[in-house]
Amino acid sequence: MPELPEVETVRRGLTQLVQGATIDHVEVLYPKMVTPDAEVFTAELIGRKIEKIDRRGKYLLFRFSGDLTMISHLRMEGKYDVQPEGSPVTKHTHVIFHLTDQRELRYTDTRKFGRMRLVPTGTEAAALPSLAKMGPEPTEQTLTLAYMRQIFGKSHKIIKPFLLDQSRIAGLGNIYADEVLWLSKINPLTPVDTLTEEQLETLRQNIIQEIQKAIAGHGTTVHSFSTAFGDAGHFQNDLHVYGHEGEPCERCGTEIVKIKVAQRGTHFCPHCQPLPPDAQGVLDND
DNA sequence: AGCAATGTTCATGG
DNA sequence: GCCATGAACATTGC
C-alpha cells in the first residue's frame with residue numbers, strides 16, 4: 001500500500017482500530033525488518049499504549065506512551081491488519097503486535113522490503129536522513145507556487161524522476177506521478193527547468209487535487225489482493241494512464257504508451273503529452 | 001524462462 | 001556537487 005494516499009488510508013484505518021490500545025507483547029518473525037534488533041525492539045514495546053498515529057510522506061509514525069515513536073515504511077507491499085488473537089497468520093506476516101484486548105496488529109509484507117524503527121519521539125529526523133530531507137506535503141498550504149518555482153527552476157533533471165524524489169515533494173509514487181503528468185499534459189521526459197510558469201501552476205494544482213481525491217477514494221488497489229480487512233480502495237477506477245497502455249487516451253483517443261524512465265514503467269499519451277522539442281534520444285523502448 | 005511490480009538506498013562514473 | 005544508471009533488497013505472478 002505504497003503512495004501517500006494509500007499510507008494515509010492505512011493511517012486513518014489504524015487510528016480507528018488501534019488508537020488507545022496497549023501492547024501486551026510483540027513477536028518479530030523476520031528480524032531484519034526492525035531496528036534496533038528484535039530483542040530490544042520487542043522489550044521496548046511491552047506495555048506501551050498507542051496514543052496516536054501520524055504520517056509524513058509515505059512514513060507512518062506510531063506514537064507510543066513514554067515518548068517512543070515507531071517509524072514504519074511499507075515500501076512496495078507492506079500491510080497492516082488487525083485480527084482477533086490467534087487467527088491464522090500467513091507466511092508473509094513478519095511482525096505481530098499482541099494487544100491487551102485479545103486482538104493482534106500484524107504487519108505482512110510479501111517482498112520483505114518494509115522497515116520499522118523505534119526512536120525517542122522528537123528524534124525522527126536525526127535518526128532518518130530521508131525524513132530530515134523530506135519535501136513539503138502536497139497540500140494547498142504547504143506546496144506553494146513560490147516553492148515550486150524555486151525547486152523546478154534550478155534543477156536539470158527530467159520531470160518523472162524529479163516527481164518521485166521525496167526530498168522535493170513528499171508522497172508521490174509511480175502511479176500518481178504518471179497520472180499528474182497526464183492531467184497536466186506534460187511529457188515525463190521534460191527537463192523541469194523548461195516548464196513555464198503556467199505549466200508549474202497547472203502541475204501544482206493537479207498534484208494537490210489528485211492526492212486529495214485519491215485519499216477521498218481510499219487510495220488505489222493494484223496487484224489485486226483480498227485481505228479480510230480494511231478499506232479496499234477504489235481509486236484504481238479513476239486512473240487515466242497507469243496500467244492503461246494500449247488503450248485510447250480519454251482526451252484524444254491516441255493509444256497510451258508505456259516506456260521505461262529512470263527504471264520505472266512510465267505511461268503517457270504521446271499526443272496530449274508531446275516530447276519537448278529539444279528532448280532527444282528516447283525513441284526506442286516498448 | 002524472463003521480466004516487471006504502489007520504493008528506497010548505495011555504489012559508480014561522467 | 002549534480003546527474004544518470006545499475007544493482008540490491010525478496011517474492012510473486014504474468
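Each chain gets a letter, A, B and so on, in the order the sequences are listed, and its residues count up from 1.
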Can you tabulate the close N/O pairs, meaning under 3.5 Å, that link protein atoms to atoms of nucleotides 10-12 of chain C?
| unit_1 | atom_1 | unit_2 | atom_2 | d |
| --- | --- | --- | --- | --- |
| C/dA10 | OP1 | A/Y30 | OH | 3.3 |
| C/dA10 | OP1 | A/K32 | NZ | 2.9 |
| C/dA10 | O4' | A/R111 | O | 3.0 |
| C/dA10 | N1 | A/R111 | NE | 3.2 |
| C/dA10 | N1 | A/R111 | NH2 | 2.8 |
| C/dA10 | N3 | A/R111 | NE | 3.3 |
| C/dT11 | OP1 | A/K112 | NZ | 2.5 |
| C/dT12 | OP1 | A/K91 | NZ | 3.2 |
| C/dT12 | OP1 | A/H92 | NE2 | 3.1 |

Quantified in whole Å, what is the C1' atom distance between nucleotide C/dA4 and nucleotide B/dA5? 22 Å
Taken to the nearest whole Å, CD1/A/I175 to P/B/dG7 is 7 Å
Rounded interatomic separation in angstrom, taking CD1 from A/I151 and P from C/dC3: 12 Å
Lys/Arg cation over aromatic A/Y30: A/K112, 6.0 Å, 45° cone: yes
Whole-Å distance, A/M76 CE to B/dC3 P, equals 17 Å
Stems involving DNA chain B: give each as a range paired with a range, ordered by first number, where a stem means at least three consecutive Watson-Crick or G-U wobble pairs under 3.5 Å. B:2-5 with C:11-14, B:7-14 with C:2-9
Any A/K58 side-chain N or O less than 4.0 Å from OP1/OP2 of B/dT8: yes
Indicate whether OP1 or OP2 belonging to B/dG7 is found under 4.0 Å from a side-chain N or O atom of A/H73. no
Going by distance alone, is a donor N or O of one side chain under 3.5 Å from an acceptor N or O of the other, for A/Y59 and A/S130? yes
Please list each protein N or O that sits under 3.5 Å from an N or O in nucleotides 4-8 of chain C, with the distance.
| unit_1 | atom_1 | unit_2 | atom_2 | d |
| --- | --- | --- | --- | --- |
| C/dG6 | N7 | A/Q263 | OE1 | 3.4 |
| C/dG6 | N7 | A/Q263 | NE2 | 2.8 |

For A/E39, does the CD atom have more than 12 heavy-atom neighbours from other residues, nucleotides or ligands under 6.0 Å away? no
Identify whether the distance between the nearest side-chain nitrogen and carboxylate oxygen of A/K52 and A/D54 falls below 4.0 Å. yes
Could you state the atom-to-atom distance from NZ of A/K133 to C1' of B/dT8 in whole Å? 11 Å
Nucleotide B/dA4, atom C1' - distance to NE2 of A/H267 in whole Å: 11 Å
Using distance alone, with no hydrogens and no angle criterion, decide if A/D109 and A/H94 have a side-chain donor and acceptor under 3.5 Å apart. no
Just the rounded figure in Å: distance from P of B/dT8 to CE of A/M116. 16 Å
The test is side chain to side chain donor-acceptor pair (under 3.5 Å); show your working for A/H98 and A/D24 and say whether it passes. CA-CA 5 Å; A/H98 295 264; A/D24 183 77; over 6 Å; no
Whole angstroms only, please: what is the CZ-C1' distance between A/F162 and C/dC3? 13 Å
Taking only side-chain nitrogens and oxygens of A/S155, does any of them come within less than 4.0 Å of OP1 or OP2 of C/dC2? no
Do A/Y80 and A/S72 have side-chain atoms, one donor and one acceptor, less than 3.5 Å apart? yes
Could you tell me whether the side chains of A/S184 and A/N206 share a donor-acceptor contact shorter than 3.5 Å? yes
What integer number of Å spans the P atoms of C/dG6 and B/dC3? 14 Å
B/dT6 and C/dC14: how far apart are their P atoms, nearest whole angstrom? 15 Å
side-chain hydrogen bond (donor to acceptor under 3.5 Å, both in side chains) against A/T121, all qualifying residues, sequence neighbours excluded: A/T69
A/G265 near the nucleic acid: base, sugar-phosphate alone, or nothing, with a heavy-atom cut-off under 4.0 Å? sugar-phosphate
Does the distance from a Lys or Arg side-chain N to an Asp or Glu carboxylate O, for A/K49 and A/E51, drop under 4.0 Å? no
State plainly whether the residues A/K213 and A/E210 are in salt-bridge range, i.e. N to O under 4.0 Å. no
Separation between the P atoms of B/dA1 and C/dA10, rounded to whole Å: 22 Å
Salt bridge or not for A/R56 and A/E124, using N-O below 4.0 Å? no
Verify the distance criterion only: is there a donor paired with an acceptor across the side chains of A/E77 and A/T110 at less than 3.5 Å? yes
Show me the donor-acceptor pairs, under 3.5 Å and distance only, between side chains in residues 162-177 of chain A and residues at least two apart or in other chains.
| unit_1 | atom_1 | unit_2 | atom_2 | d |
| --- | --- | --- | --- | --- |
| A/D165 | OD1 | A/S167 | N | 2.9 |
| A/D165 | OD1 | A/S167 | OG | 2.8 |
| A/D165 | OD2 | A/S167 | OG | 3.4 |
| A/D165 | OD2 | A/R168 | NE | 3.0 |
| A/Q166 | OE1 | A/G171 | N | 2.8 |
| A/Q166 | NE2 | A/L164 | O | 3.1 |
| A/Q166 | NE2 | A/L172 | O | 2.9 |
| A/N174 | OD1 | A/K160 | NZ | 2.7 |
| A/N174 | ND2 | A/G265 | O | 3.0 |
| A/Y176 | OH | A/E6 | OE2 | 2.5 |
| A/Y176 | OH | A/T220 | OG1 | 2.8 |

Between A/D238 and A/Q236, do the side chains contain a donor N or O and an acceptor N or O under 3.5 Å apart? no
For DNA chain B, find the residues of residues 164-174 of chain A with a heavy-atom distance under 4.0 Å and give them by number; none if there aren't any. A/Q166, A/G173, A/N174
Rounded distance in Å - CD1 (A/I71) to C1' (B/dT9): 16 Å
